[in-house]
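All chains are named by letter (A, B, ...) in the order of the sequence lines, taking the proteins before the strands, and each is independently numbered beginning at 1.
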Amino acid sequence: MAEKDKPGFFSEMFAPVGGFGVTFATMFKKVKTEEYPEVKRPTQPRFHGRHQLNRHPDGLEKCVGCELCAWACPADAIFVEGADNDDTPGGTGRFSPGERFGRIYQINYLRCIFCGLCIEACPTRALTMTNFYELADDSRADLIFTKEQLLAPLQAGMDAPPHAMADGMQERDYYLGKVEGGSR
Amino acid sequence: MSESTVFSEAEVDETDERVDVYAASGEEESGRVFNAVGGDWDDIVGEVGSRPEERIVVNMGPQHPSTHGVLRLILELEGETITEARAGIGYLHTGIEKNMEFRTWVQGVTFCTRMDYVMPLFTETAYCLAVEKLLGITDQIPERASAIRVLMMELNRITSHLVCMGTGGMEMGATTVMTVGFRERERILSVFEMISGLRMNHAYIRPGGVAQDLPAGAIQAIREMIPLLRQGFHELELLMLENPILKGRMVGVGHLDLTGCMALGVTGPMLRSAGYPLDLRKDQPYCGYEKYDFEVLTRTGADAYDRLWLRVKEMFESLKIVEQVIDELQNNPGPVMVEDKKIAWPAQLAVGPDGMGNSLAHIKEIMGTSMESLIHHFKLVTEGFRVPAGQAYVAVESPKGELGCHAVSDGGTRPHRVHFREPSFNNLQAVAAMCEGAQVADVIVAVASIDPVMGGVDR
Ligand code: SF4
Ligand code: SF4
């Protein structure tokens, strides 16, 4: 306590019942309680919530199946299996710019500790963490999120993969931010 | 006390020779067993008292609400007086130290932060300082990173003290102390959430610096919070420090004098309440603590009340440091991670409409222009960095006392062994010395004044 609030005679006399003053004053204060399920408190922007797999502006997936997120994960919560993009006519098609894409992608929310190392490891900003936090569920299977659940929804100008890269664009151009939505 | 009673009245046939119903056949019987299933405690005590050779051993915990989580206290009673007290631990053993041997040095942070979950930032700092010492890069840590560490630690010290006082107060029946304490703690937790993205178990401090710089507006938010916190701490002071009932419960309870503290290796507020001004922030400064002006307070009563008093006042001291740090941070825009690209964790996080992830500028660099950066990125994430063989011990002053980290490297990318000297563990040894001869009700107060967190004790 600073020197200036050294107790005077009266405050010293009333100190033993000072607590009642606090209680009394609290009656006139705003209630701090959060009415959680009814009123949801927004999180801070950096909050580590549910993951999301992002897309390039033309709809191709950003994930290149490099497995860095799975390597970084201290809780072994991520399972990735990459596969080759196949541009040949009649092939399985192209899902991401570049050579490979994440064919199978799972995050096990029973293991995940929301440390965020995976998003720090992802070299393409394919993986980000949103502010969504209501992840409780009552079965194991439902808490292993698959690629379909994690993929970000298509925005305006995006086409669902598989499709070819934007006209005249190389893989690198995607990372340099040259590709725009609706460029096909 | 009824909920923790284990032994009491049982339908033991007077003529039956076997009085220890729990002993297997052929096993030696260790005394008559009384089972408590409701009823009046006085009757049970009376029953036992009629057989003077009997003693009552009560297991308080591991699921007793007043023993701070899963601490098991084995109390031998004579009436209401404790003749012997022992602490049983291990109910929250998580194997974190062992697990860290199977993870890279950077991943280790996410584990050790979960040891003592009430003071995660201290465990992280102790670990990171030890790793940095092994790497020999202690001098290269940017000043801004150190200042952010100090800022986070001091705020964390306040939350830890608030939890200690709040739960301790609640265990004595003072729920208001708990609500006020947790209300104030909430303010700090939202600042933590703002800075690190998590309210607890941040994994924010990393070998070489911190995970990411403060977000815009963080310093402003802290500045606005400080007067509110002061006000809240003052309320706690008013509620507790001169309250005759609280004083009646705490003064002279849980006494452990300086000799006892020294013999048991007790540190932190407990040691300072016995009059020894040991504070590693002053005695062996780390993270630039020598720059900040604060006082190390002591008392001489060596009892639960003095520890409470110290914790309240230490929160004000921590606020003083926080104020100095935010002034410093405002004038120092520097980096928050070491220069050395072979060690520095390669992430550059940014928040966007799609959430938080690596910034697009960083993606541009590693994927678009610099092959070398990409190689570093891959190598650091998959393999991690190598740490020269050797061992290092670094201690920091945690809210509970000296928190040390002893890291041993065999030259690889993972620790050979990481051991933590957890103050909760060392201080908990004092239970016997503090409780024997006291009343059962005093045990609660004495244990609360140690402030043990079982996550830290068992690791
Ligand atoms: S947040 Fe952490 S635990 Fe969860 S998936 Fe990512 S790296 Fe693994
Ligand atoms: S999410 Fe990122 S780190 Fe994980 S496999 Fe895809 S591109 Fe690699």
In terms of heavy-atom proximity below 4.5 Å to chain B, should A:A72 be classed as side chain, backbone, both, or neither?
both
Rounded distance [0.5 Å steps], CD1 in B:I363 versus SG in A:C122
6.5 Å
For a quick test of reading the model, state the closest non-hydrogen atom pair linking B:L214 to A:R46 and the distance between them.
C-NH2, 3.9 Å
Surrounding CH2 of A:W71 (heavy atoms of other residues, nucleotides or ligands, distance under 6.0 Å), is the total greater than 12?
no
Which one of A:H51, A:M129, A:Q52, A:E67 has the most heavy-atom pairs closer than 4.5 Å to chain B?
A:M129
With respect to chain B, which residue among A:T23, A:L68, A:T130 yields the maximal number of heavy-atom pairs within a distance under 4.5 Å?
A:L68
Chain B contact via A:L127 - which portion, at a heavy-atom distance below 4.5 Å
backbone
At a heavy-atom separation under 4.5 Å, does A:C73 approach chain B through its side chain, its backbone, both, or neither?
backbone
Within a 6.0 Å radius of atom CZ on A:F20, are there more than 12 heavy atoms belonging to other residues, nucleotides or ligands?
no
Max heavy-atom pairs within cutoff under 4.5 Å with chain A, candidates B:G355, B:G108, B:S196, goes to B:G355
Check whether A:T33 gets within reach of chain B through its side chain, its backbone, both or neither, counting any heavy atom under 4.5 Å.
neither
Mind checking the CZ-OG1 spacing from B:R183 to A:T26? Nearest 0.5 Å is all I need.
6.5 Å
I'd like to know if B:D354 and A:R55 make a salt bridge, using a cut-off of under 4.0 Å between side-chain N and carboxylate O.
no
Heavy atoms only, distances under 4.5 angstrom: which of B:D213, B:L241, B:I245, B:L246 has the most pairs with chain A? Name it, please.
B:D213
Would you find more than 12 non-hydrogen atoms of other residues, nucleotides or ligands less than 6.0 Å from B:E186 atom CD?
yes
Can you tell which of B:V351, B:L380, B:L374 has the highest number of heavy-atom pairs within less than 4.5 Å of chain A?
B:V351
With side-chain contact (heavy atoms from CB on, under 4.5 Å) as the test, would you mind laying out the steps for A:L117 and B:R206 before giving the verdict?
CA-CA 11 Å; A:L117 285 189; B:R206 303 282 171 78; 3.7 Å; yes
Is the count of non-hydrogen atoms from other residues, nucleotides or ligands lying under 6.0 Å from B:E372 atom CD greater than 12?
no
CZ/A:R41: more than 12 non-hydrogen atoms of other groups inside 6.0 Å
yes
Looking only at atom types and distance, does a side-chain atom of B:E193 sit under 3.5 Å from a main-chain N or O of A:Q44, one as donor and one as acceptor?
yes
Heavy-atom distance under 4.5 Å to chain B: side chain of A:N131, backbone, both or neither?
neither
For B:F111, which atoms come within 4.5 Å of any heavy atom of chain A: side chain, backbone, both, or neither?
side chain
Option that, when pairs with chain A are counted at under 4.5 Å, heavy atom only, ranks first among B:P244, B:P215, B:S359:
B:P215
Treating A:R125 as the side-chain partner and B:L360 as the backbone partner, does any N or O pair qualify as donor plus acceptor under 3.5 Å?
no
Under 4.5 Å from a heavy atom of chain A, the part of B:R230 involved:
neither
When the 4.5 angstrom heavy-atom criterion is applied to A:K178 and chain B, the contacting part is neither
Quick check for you: to the nearest 0.5 Å, what is the distance between B:M194 atom CE and A:T43 atom OG1?
12.0 Å
Taking atom CZ of A:F114 and atom CE of B:M200, what is their separation to the nearest 0.5 Å?
15.5 Å
Looking only at A:P123, A:C118, A:A25, A:C115, the option with the highest number of non-hydrogen pairs under 4.5 Å against chain B is A:P123
How about A:Y36: does its OH atom have over 12 heavy atoms from other parts shown lying under 6.0 Å from it?
yes
Interatomic distance, CD1@A:I113 vs CZ@B:R114, rounded to 0.5 Å, equals 4.0 Å
Atom pair CE (B:M356) and CD (A:E120), whose distance is rounded to the nearest 0.5 Å
7.0 Å
Which residue out of B:N99, B:L236, B:L198 racks up the most heavy-atom pairs below 4.5 Å with chain A?
B:L198
